[in-house]
Structures are given as structure tokens and as C-alpha cells.
Visitor: 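Shown below is the structure under consideration.
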Amino acid sequence: MHKIETKNVNFFYGENHALHDISLAMKANTITALIGPSGCGKSTYLRLLNRMNDLIDGTRLEGEILIDGENIYDKNTNAYDLRKNVGMVFQKPNPFPKSIFENVAYGLKVNGITDKAVIEERVHTSIQQVALWDEVKDKLKKSAFELSGGQQQRLCIARALAVQPSVLLMDEPTSALDPISTSKIEELLFELKNKYTIVIVTHNMQQAARASDNTAFFYMGRLIEMDKTKTIFTKPNQKQTEDYITGRFG
Amino acid sequence: MLSSAATSIIVVLIVFFLFMEGAGVFTKKPIEDGFLLAVSPSNPVKKLEPSQIKDIFDQKITNWKEVGGKDEPIVLFRTSDISTYYTDEELGENFEFFPAKINELISKQPGIIAFFSDKYKAENFSGRELEINKIKVFEFLSGEEWFPTAQPIAQMGVKPLIYGTLWVSLGAILIALPIGLAAAIFLSEIARKKVRNLVKPLIELLAGIPSVVYGFFGLVVIVPLIQSTFNLPVGETGLAGSVVLAIMALPTIITLSEDAMRNTPRAMKEASLALGASQWQTIYKVVIPHSASGITAGAILGIGRAIGETMAVLMVTGNAAVIPHTLLEPVRTIPATIAAELGEAPNGGLHYEALFALGCILFIITFGINLLVELVSSKQKHKKH
């Protein structure tokens with residue numbers, strides 16, 4: 001069974017038809033990269049997977065999105081429970097104006113975990129998972145804003161991991177970071193793959209080629225093609241894909 | 001640079017003159033100009049406190065031994081009492097024998113205390129003019145009676161006025177803050193754009209209504225409502241003042257808090273929601289902490305308006321200078337007192353200066369509150385970053 005499955009999804013911002021008939025599937029414990037020029041709908045698609053677009057007035061969805069075989073847009077699906085299972089990391093590091101510890105503990109606390117020992121344990125493991133522990137272990141009480149951009153982004157990943165999701169959505173997570181921080185996060189992706197299904201939106205062709213198992217190319221709100229990353233980058237089926245990855249447009 | 005220096009100088013000057021005038025009340029005798037209190041020359045009591053004089057004339061003190069004199073009943077004498085001692089013929093057609101008769105009376109009655117005008121003081125006055133202590137700062141603040149025009153001695157106790165001001169303001173802020181915050185949360189986080197675009201200008205319009213109009217509204221709507229709801233003899237109570245002030249403070253609180261809440265970065269809210277937090281958790285844990293300084297600013301300005309507001313309060317609180325025990329009693333606030341009495345107080349007199357001293361107290365209260373809030377919010381900021 002596929003972990004995430006999208007069937008004939010059409011999505012509208014008011015009158016604007018943003019996604020046209022998207023059908024694709026992702027297996028568990030894989031990394032799927034979504035590529036395409038700006039405005040092609042890849043971020044919109046990503047935000048459908050944890051119902052983040054619900055927050056925008058006047059949006060409408062047709063079709064089905066299944067995670068673990070369940071339609072996440074079903075009336076009986078609770079968006080808050082869904083988001084616990086589907087973590088998200090944003091384009092710019094967006095820690096809360098709280099301490100490093102509190103940032104990671106936030107998701108646990110809002111989900112009703114009050115046992116201090118459990119919280120502490122999860123915070124420590126999550127920070128270790130993102131290889132940030134050695135850098136912050138002495139200043140967990142300090143404000144998250146004292147960290148560098150790359151550290152903040154890893155903290156945001158730790159924050160998402162702390163609530164123990166099974167899917168991790170990443171919306172251009174390294175676009176605001178320097179090359180060294182970027183490579184640290186890419187290394188991290190390989191390790192996280194064992195436990196999580198990862199969907200990553202990226203503008204960086206090399207990143208998609210390096211870090212992902214599968215790649216989906218979006219253009220003008222349509223899914224042009226999706227295949228193994230190797231195939232997409234060596235012998236794509238579609239002319240448009242080839243033009244894009246070879247840098248002829250976009 | 002120049003304009004801000006000029007502004008600062010003007011502010012300092014205003015405060016300086018306020019305090020200079022206000023200090024006058026502590027340097028003057030608390031007896032009306034042109035009047036005197038006299039006792040028999042044989043009376044050993046030389047000096048009295050203003051409150052003792054009041055008690056004597058209220059007949060709460062009836063014997064000189066209670067104020068450190070001989071065991072001798074006190075005989076009160078006001079100018080109008082003269083007819084009980086002398087006939088009109090004895091006083092003369094134009095009261096020309098008045099001074100002599102007072103003189104005679106004072107020497108005859110060992111227990112007398114006489115209050116009369118300077119112009120009836122005989123040239124060979126045989127009585128002894130009583131010395132009156134000046135009002136002390138402590139008495140001024142802790143005195144429970146405010147009768148600035150009482151005779152023979154003015155009662156300048158501002159405690160009921162301070163209490164009235166604080167009660168009404170506290171009530172107003174207790175009403176306005178929760179409602180204001182709720183409205184701000186609704187407008188910034190819950191309402192659709194159309195609703196917000198309609199409601200927000202309306203709320204801002206409320207800030208532009210003159211306070212007298214609020215007073216009318218209070219008098220016509222809120223006062224009768226309170227009277228019938230609580231089954232009171234009069235509806236003009238501290239609560240009516242609080243409600244009117246709360247309505248007046250709402251636009252400030254709502255506008256400032258809502259602006260601050262809307263400034264919460266979208267990324268921060270999305271981060272919270274993406275972790276499975278509900279909308280309320282996000283508001284409570286992310287939006288409100290992030291906008292705390294804006295909310296505090298709104299609350300300070302709201303309180304500031306409540307404490308300093310004059311006209312609307314004057315119209316609906318009933319203005320009884322009595323220490324209130326509940327908000328359902330008439331109260332009198334400092335600004336209302338100043339506004340109502342300044343026109344009647346003789347320029348430069350004791351009453352006039354007492355009103356300035358009230359202004360000083362008001363200034364100190366608002367200054368203290370601003371300072372406190374500033375301290376609290378700067379501490380919070382320190383903690384946050």
C-alpha cells in the first residue's frame with residue numbers, strides 16, 4: 001500500500017484553478033522531491049497534505065488525498081490529529097520566541113502531554129535526531145533566536161519530529177540557508193528516511209538529484225511526470241521535464 | 001529635536017505649576033478668608049486641629065476637657081446666634097453695636113467658641129483668637145470627609161475621592177479588558193475579512209464620540225438599567241460610571257490589541273498549527289504572547305482614559321463624596337470633583353488650592369500606573385528574548 005496517495009485532485013483559490021487533476025502516490029520511507037518553476041503549484045500541493053490550505057479563505061478541493069489509506073479530507077478526519085501525523089518544516093526557520101527547549105516541547109504540550117519526564121526525554125531525542133544536541137545541550141534554556149539560521153532550521157525539524165509524525169513535509173527547507181547548513185540538513189534527510197516518509201519541495205535541482213528517491217515535476221498546476229529521481233534526471237519521458245532540468249526555462 | 005525639547009519643557013512646567021498651586025493647601029489656615037474663631041481669654045486651649053473644630057461645631061465634642069482644656073461645656077456661637085442673646089434694639093439699626101456685643105459675650109461666657117467675620121471684631125477685642133493648625137498631608141490623604149466649603153472649617157479629606165476614582169477605573173478596566181481582548185481576538189483571528197472590514201471602522205468611530213455624548217447615553221440607558229436590575233433607589237452609581245468608561249475605553253483597547261495580534265507573523269501561527277495545535281491553542285500560546293506589548297499598551301491607554309475621564313463620569317456616578325463599599329453606591333471621582341467645583345472656588349483660596357492638590361494626586365496615580373505597567377512589560381520582554 002502507498003503511504004500517500006492523491007487521486008484526481010483539483011484545487012481552487014477562489015476562481016483560480018491552481019492544481020489540475022493531480023494523481024500521484026508515494027511509498028513509505030521514501031523521499032519524494034517536488035520540483036518545478038515558481039507558481040507551478042508544488043507548495044500548494046504540499047500544503048494540501050496536512051490541510052494547511054484550510055486556513056485560507058475561499059479555497060476548494062476536488063478529488064481524494066489518502067494517507068495510510070484514509071481520506072484526510074473526509075468529514076470525520078480531524079485536521080489537528082492529521083497534522084500531528086504529518087509534520088511540516090517551512091521555508092524560513094520559524095522558531096517561536098521561546099527557549100530552545102520550549103520550542104521543541106511546544107508540540108507535545110499542545111497535544112496534551114503533561115508528564116515532564118516524557119517531555120524531557122522526547123525533546124532530548126528529537127534534538128539528537130537532528131544532530132543539534134552537541135551544539136545546544138548547554139543552552140536549552142536560551143532563546144531559540146540566539147541560534148544561527150541553519151541551527152534554527154534543524155531546531156524546527158526537531159520540533160516537528162517531537163510529536164512523532166510518520167510523514168514529514170518540507171517546503172524549501174534549505175532555501176534560506178548557507179551551503180554548509182544545507183548539506184547538514186541533506187545528510188539528516190538520509191537518516192530520517194528510515195523512520196519517516198518525506199516530501200520535499202525544492203528549487204535546487206542538485207538537491208533533488210542528491211537527496212530524493214523519486215521526483216515529481218510540476219508545471220502550471222499540472223503534474224508533468226513523476227518517476228525515480230535517477231530516471232527524471234537522466235532520461236525523462238517528457239520534453240518539458242528535460243527542458244526544465246537542463247535549465248532551458250524556469 | 002527642538003520641538004521635542006519644547007514639549008518636554010512645557011510638560012515639566014505644567015507639572016511644576018500644578019504641584020506649586022497644589023502645595024498651597026498645606027501652607028494656609030483651613031478657615032475661610034476674613035473669618036476668625038475666638039474663645040474666652042480665660043480658656044487655656046490655644047490651638048486646635050481642623051478636625052477637632054469640626055467635631056466641636058458638629059457637637060460631637062461638647063466639653064473643653066476633651067480637647068485638653070478645663071472641664072467646661074462648650075458654647076457654640078455663630079453670627080446668626082446673636083439674636084438669642086440680644087434684641088435687635090440692643091444691636092442697633094445697622095448692627096453698629098455688633099462688635100461690642102460679641103466682645104461682651106466672649107468675656108461673659110467662659111466656654112464659648114465664636115465664629116464670626118473680621119469686620120465684627122471690636123477694636124478693643126477682649127477675646128483670644130484661636131490658632132488653627134494647617135492641614136497636614138497625611139490628614140489630607142486620609143481624611144474621610146470632603147466638605148471644602150463647610151463652615152466654620154473646611155474639611156479636605158480626599159480619601160473618598162481617591163477611592164471613588166480607583167473603584168470606578170478598576171471596574172471599568174475589569175469590564176473593558178476581557179470584552180476588548182475577546183473582540184480583538186475575534187477581529188484578528190476568527191472573523192472573515194468582510195466582517196472585519198465592516199466592524200473595525202465602526203469601532204474606530206466610537207473613539208471619536210465626545211465624552212458628553214457618552215454621558216448622555218449612560219444617563220438615559222445605563223443608569224435606569226442598573227437601577228432596575230439591582231433594584232436600587234438611584235441608578236447613578238460607581239457601576240454606571242464603570243460601564244460608561246468601559247465603553248469609552250473599548251475602542252482603544254480593541255484597536256491596539258487587534259493591530260498587535262495581526263502583526264503576529266503568519267509563519268509563527270502556521271508553525272503552531274502544523275504541530276497539531278488547535279486554533280485556540282495557537283491564539284493562546286502564540287498570538288497573545290507575541291502581541292503582549294500591544295495589548296499592554298492598549299490597556300494602559302484604556303486605564304489612562306478611564307482614570308482621567310471627567311464629563312461622562314460626572315454625569316452618571318451620582319457624585320456623593322462618600323467612601324464606597326460596593327460599586328452600587330454613588331461615588332465621586334477626582335476629575336469630576338475638579339470639574340464640578342473649580343468654577344465655584346475663589347481664585348487662590350483654600351478650596352481652589354485643594355482642587356489643584358487633587359490634580360497632583362491624579363497625576364501621581366496615572367504616573368504610577370504607567371510606570372508599573374512599563375516595568376512589568378519590560379520585564380516580560382527581557383524574559384522573552
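Throughout, a chain's letter reflects where its sequence line sits, starting with A, and its residues are numbered from 1.
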Visitor: In terms of side-chain geometry, is the basic nitrogen of A/Arg47 or B/Glu270 positioned less than 4.0 Å from the acidic oxygen of its partner?
Guide: yes
Visitor: Between B/Lys285 and chain A, with a heavy-atom cut-off of 4.5 Å, which part of the residue counts as in contact: side chain, backbone, both or neither?
Guide: both
Visitor: Identify the heavy atoms of B/Ala277 and A/Tyr106 that sit nearest to each other, and give their distance.
Guide: CB-OH, 4.2 Å
Visitor: With rounding to the nearest 0.5 angstrom, report the CD to CG distance, B/Gln279 to A/Asp54.
Guide: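 The CG atom of A/Asp54 is 11.5 Å from CD of B/Gln279, to the nearest 0.5 Å.
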Visitor: More than 12 non-hydrogen atoms from neighbouring residues, nucleotides or ligands closer than 6.0 Å to CD on A/Glu70, yes or no?
Guide: no
Visitor: What are the two closest non-hydrogen atoms of A/Tyr80 and B/Ser278, and how far apart are they?
Guide: CE2-CA, 3.5 Å
Visitor: Of the listed residues (A/Met88, A/Lys92, A/Met52, A/Lys84), which shares the most heavy-atom pairs with chain B below a 4.5 Å separation?
Guide: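 Looking at each of A/Met88, A/Lys92, A/Met52, A/Lys84 in turn, A/Met52 comes out on top.
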Visitor: Quick one: what part of A/Pro95 sits under 4.5 Å from any heavy atom of chain B, side chain, backbone, both or neither?
Guide: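 The backbone, not the side chain.
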Visitor: So for A/Arg159, is it side chain, backbone, both, or neither that comes closer than 4.5 Å to the heavy atoms of chain B?
Guide: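 For A/Arg159, backbone and side chain are both near chain B.
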Visitor: Counting only heavy atoms not in A/Lys195 (residues, nucleotides, ligands), do more than 12 fall under 6.0 Å from its NZ?
Guide: no
Visitor: A quick test of your reading: do over 12 heavy atoms of other residues, nucleotides or ligands sit less than 6.0 Å from OH of B/Tyr284?
Guide: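 No.
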Visitor: Quick one: CG on A/Asn111 to CG on B/Leu275, what's the gap to the nearest 0.5 Å?
Guide: 8.0 Å
Visitor: Quick check: are there more than 12 heavy atoms from other residues, nucleotides or ligands sitting under 6.0 Å from OH of B/Tyr163?
Guide: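 Result for OH/B/Tyr163: open.
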Visitor: Is it true that, when you exclude B/Phe367 itself, more than 12 heavy atoms of the residues, nucleotides or ligands shown sit nearer than 6.0 Å to its CZ?
Guide: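 Open: at most 12 neighbouring heavy atoms sit under 6.0 Å from CZ of B/Phe367.
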Visitor: Please classify the contact of A/Val89 with chain B as side chain, backbone, both or neither, using a heavy-atom distance under 4.5 Å.
Guide: neither
Visitor: Which bit of A/Phe96 is near chain B, if near means a heavy-atom gap under 4.5 Å: side chain, backbone, both or neither?
Guide: both
Visitor: So which residue, B/Ala274, B/Pro265, B/Ala267, ends up with the most heavy-atom pairs under 4.5 Å with chain A?
Guide: B/Ala274
Visitor: From B/Lys269 NZ over to A/Leu55 CG, what is the distance, rounded to the nearest 0.5 angstrom?
Guide: 9.5 Å
